[in-house]
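The structure under discussion appears below in the form of structure tokens.
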Number of protein chains: 2
Amino acid sequence: MAIPPAVNRPVGTIERAIEIMEYLKENDTATVSEMTDHLNCAKSTTHRYMKTLAANSLLVEDGNEYQLGIRFLDYGEVARNKYRLYDEAKPRVDELAEETEEKIWCAVEEHGRSVHIYGAQGKHSVQTYARVGHRNYLHQHAAGKAILAHLPDSQITETIDRHGLPGRTPQTITDRDELWEEIEAIRDRGYAFNFQESVEGLHAVGAPITDENDVAIGAISVSGPASRLEGPILRDELPTLLLGVVNEIGINMAHP
Amino acid sequence: MAIPPAVNRPVGTIERAIEIMEYLKENDTATVSEMTDHLNCAKSTTHRYMKTLAANSLLVEDGNEYQLGIRFLDYGEVARNKYRLYDEAKPRVDELAEETEEKIWCAVEEHGRSVHIYGAQGKHSVQTYARVGHRNYLHQHAAGKAILAHLPDSQITETIDRHGLPGRTPQTITDRDELWEEIEAIRDRGYAFNFQESVEGLHAVGAPITDENDVAIGAISVSGPASRLEGPILRDELPTLLLGVVNEIGINMAHP
DNA sequence: ACTCCTGATTCAAGCTACTCGAACAAAACA
DNA sequence: TGTTTTGTTCGAGTAGCTTGAATCAGGAGT
């Protein structure tokens, strides 16, 4: 469950360090000067920050360029392994990719957003912006909407209040009322669709993985080109397949 | 190439934050009190640090327990993708695992230590402490020694000076002269062995991946139970196989 | 060769904001 | 119920973070 991360007096130094990491995630590489323009502080300060981070292997220097160090992998893997879901879902995601020949994602919710913890590609699967570790908005994709619809209303409101409903494509739902209607529909049928709401030309189906208390602990989605994912395949075949899988994972999670 | 990360005046706040992350990596989970015992500061300070980190999704709160957030995956994946080696090596590591039925690792050097960037397991492969993202000492395992032996002498000395030669098993090489002899041997034959030097009962062979300037940009290793990896298999068959693979990767890296 | 520039790096001084300890609240315990 | 342990808040003081200027290193232009 995501508790609103409101801190009374956050440590500025830490937040600025994270700002550096975030910038390097987006831009791959940066110099001290470039980073100074981005942050709002003296160049000497930026320099000291980056040197400190580099000394701890969080950043790697290559001449004057800095980039993220793979030490993050270490932390990331530890974090991922904590989600038992990963172990349970991985083999079935692989199977699904094999079977459907499309792209399969497993996502979890964290702080009101979603994180892709595992993905597998089928023979014909498409490449999108998404990758393992990617965080995005719950309302923008099938797996996210599946999780969102499974939250109690109060938490949905809270999530929307916190993150808003930013658009990504013209099809993305950015209106609160419209989203609530969509949520009702998802609750009725038990799974969510995504009609080009995250990527143009991409359709998807997502279904929630629930624990023994019917709380959504994650979701799985199948996505592919709109031309291929439509009609009965999208409406009936894939949802049936998907529901079987998420059900199975849920049961395995409940009875280790 | 690893430049000695010596910082004049490191930012204490950042280093303490990293200390928290490191502790959580080792211990999976911790409370504010527990962390306060570990760090040397007031409980209120620890509290503020952890709240700040949690507010930025680097930590996740579960009641009073904190653990690493999977936001690290995001950074880790970005970092890993920067190593083109990963893309080139992955398919061949998978093949090797299939072919040898043993555990295969691909590692790179960073700051005088090694990082496993990818691993694949064959049908009979053993599980060890190692996992993706794991950092350890170059002199303690086959892939690491293969990289180490390929460095110029000055950098080897520098690396040893910085990190020392800590032992892991009774077989680990902890004596400088002995290590230099080993390095000579590795240079002569072109690949490295590991006879229970990292894990008791485990043997391995490792060979370096070199770029067009004969600089080692990584290494690949095959490891398995000592009972299975011995005699001609360990001495001839696997090295031949391995050299073919690292050679191929090297060529592909040089001519994209 | 010399100059000019751009960017990294160092340093002392000033003052921000990080650290501390105490006090409070809340939960666990006996 | 009282007691202990834990998380949390807050004001005050000073450690140490920030700053801007000065220095150094490398490259480009003349």
Side-chain angles (χ1 to χ4, degrees), chain A residues 1-24 27-69 111 158, chain B residues 1-24 27-69 111 154 158 162:
Chain A
M1 190 164 59
I3 296 159
V7 194
N8 271 10
R9 290 191 297 173
V11 183
T13 305
I14 294 178
E15 295 204 310
R16 219 165 310 137
I18 293 174
E19 187 71 23
I20 290 177
M21 282 150 40
E22 197 63 28
Y23 185 87
L24 286 173
N27 300 67
D28 269 26
T29 178
T31 64
V32 171
S33 301
E34 186 183 346
M35 191 65 75
T36 304
D37 292 340
H38 178 65
L39 304 172
N40 265 348
C41 62
K43 190 163 62 170
S44 53
T45 303
T46 312
H47 176 253
R48 210 147 88 83
Y49 270 64
M50 294 178 91
K51 278 291 185 193
T52 304
L53 289 167
N56 290 87
S57 300
L58 292 187
L59 263 48
V60 175
E61 308 184 48
D62 184 19
N64 285 339
E65 300 281 331
Y66 288 78
Q67 51 179 235
L68 293 175
H111 291 314
E158 193 182 318
Chain B
M1 190 164 59
I3 296 160
V7 194
N8 271 8
R9 291 192 296 173
V11 183
T13 305
I14 294 179
E15 295 204 310
R16 219 165 310 138
I18 294 174
E19 187 71 23
I20 291 177
M21 283 150 39
E22 197 63 28
Y23 185 87
L24 286 173
N27 301 68
D28 270 26
T29 178
T31 63
V32 171
S33 300
E34 186 183 346
M35 191 66 74
T36 304
D37 292 340
H38 178 66
L39 304 173
N40 264 350
C41 63
K43 190 164 62 172
S44 55
T45 303
T46 311
H47 176 252
R48 210 147 87 83
Y49 270 64
M50 294 178 91
K51 277 290 184 195
T52 304
L53 288 168
N56 290 87
S57 300
L58 293 187
L59 264 46
V60 175
E61 307 185 47
D62 183 18
N64 285 339
E65 300 279 331
Y66 288 79
Q67 51 179 234
L68 292 175
H111 291 314
S154 61
E158 194 183 316
R162 176 125 55 93

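Every chain is numbered from 1, with letters handed out A, B, ... down the list of sequences.
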Closest approach of [X] to [Y] (non-hydrogen atoms, all atoms of both residues):
X: Pro10(A); Y: Arg48(B); result: O-NH1, 3.6 Å
X: Val60(B); Y: Gly69(B); result: CG2-CA, 3.6 Å
X: Asp28(A); Y: Gln67(A); result: O-CB, 3.3 Å
X: Leu68(B); Y: Leu59(B); result: CD2-CD1, 4.3 Å
X: Thr36(B); Y: Cys41(B); result: CG2-O, 3.3 Å

If the condition is side chain to side chain donor-acceptor pair (under 3.5 Å), which residues does [X] pass it with, not counting sequence neighbours?
X: Glu22(A); value: Lys25(A), Arg71(B), Tyr75(B)
X: Thr31(A); value: none
X: Ser57(A); value: Arg135(B)
X: Ser44(B); value: none

**Between CG on residue Leu53(A) and NZ on residue Lys51(A), distance to nearest 0.5 Å** =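 Those atoms lie 11.5 Å apart.
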Q | OG1-CE distance between Thr52(A) and Met50(A), expressed to the nearest 0.5 angstrom | A |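 If I round to the nearest 0.5 Å, the distance is 11.0 Å.
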Distance under 4.0 Å to a non-hydrogen atom of chain B counts as contact; along DNA chain C, which nucleotides mark the start and end?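 Contact span on the strand: dT10(C) to dG21(C).
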**Report entry** Evaluation steps, side chain to side chain contact (heavy atoms under 4.5 Å, CB included), between Val11(A) and Arg16(B)
**Finding:** CA-CA 12 Å; Val11(A) 183; Arg16(B) 219 165 310 138; over 6 Å; no
**Prompt:** In terms of the nearest nucleotide of DNA chain C, which residue is placed more toward the 5' end: Asn64(A) or Arg16(B)?
**Reply:**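 Checking each residue's closest nucleotide, the 5'-ward one belongs to Asn64(A).
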Task: Given DNA chain C, 5'-ward residue of the pair Tyr66(A) and Gly12(A), judged by closest heavy atom - done: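 In this pair, the answer is Tyr66(A).
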Nucleotide interval of DNA chain D bounded by contacts with chain A (heavy-atom cut-off, under 4.0 Å)
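Contact span on the strand: dT9(D) to dG20(D).
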Pairs touching residues 42-68 of chain A that satisfy ring-ring contact (aromatic ring centres under 6.0 Å, His included), sequence neighbours left out
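Found none.
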Under the side chain to side chain contact (heavy atoms under 4.5 Å, CB included) test, residues paired with Asn27(B) that sit two or more places apart:
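Asn27(B): side chain to side chain contact (heavy atoms under 4.5 Å, CB included) contacts with Tyr23(B).
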**Q.** Residues from residues 38-46 of chain A lying under 4.0 Å of DNA chain D - heavy atoms
**A.**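 Close to the strand are Cys41(A), Ala42(A), Ser44(A), Thr45(A).
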**Report entry** For DNA chain C, the residues among residues 28-37 of chain A that have a non-hydrogen atom under 4.0 Å from it
**Finding:**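 Thr31(A), Val32(A), Ser33(A), in order of number.
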* Asked: Side chains of Thr13(A) and Ile14(B): does their closest heavy-atom pair fall under 4.5 Å?
  ->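 Yes, their side chains come closer than 4.5 Å.
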| query | Taking five pairs at each end of the helix from dA1(C)-dT30(D) to dA30(C)-dT1(D), what angle separates the two helix axes (nearest 10°)? | reply |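 The end-segment axes of the helix from dA1(C)-dT30(D) to dA30(C)-dT1(D) are tilted 40° relative to each other.
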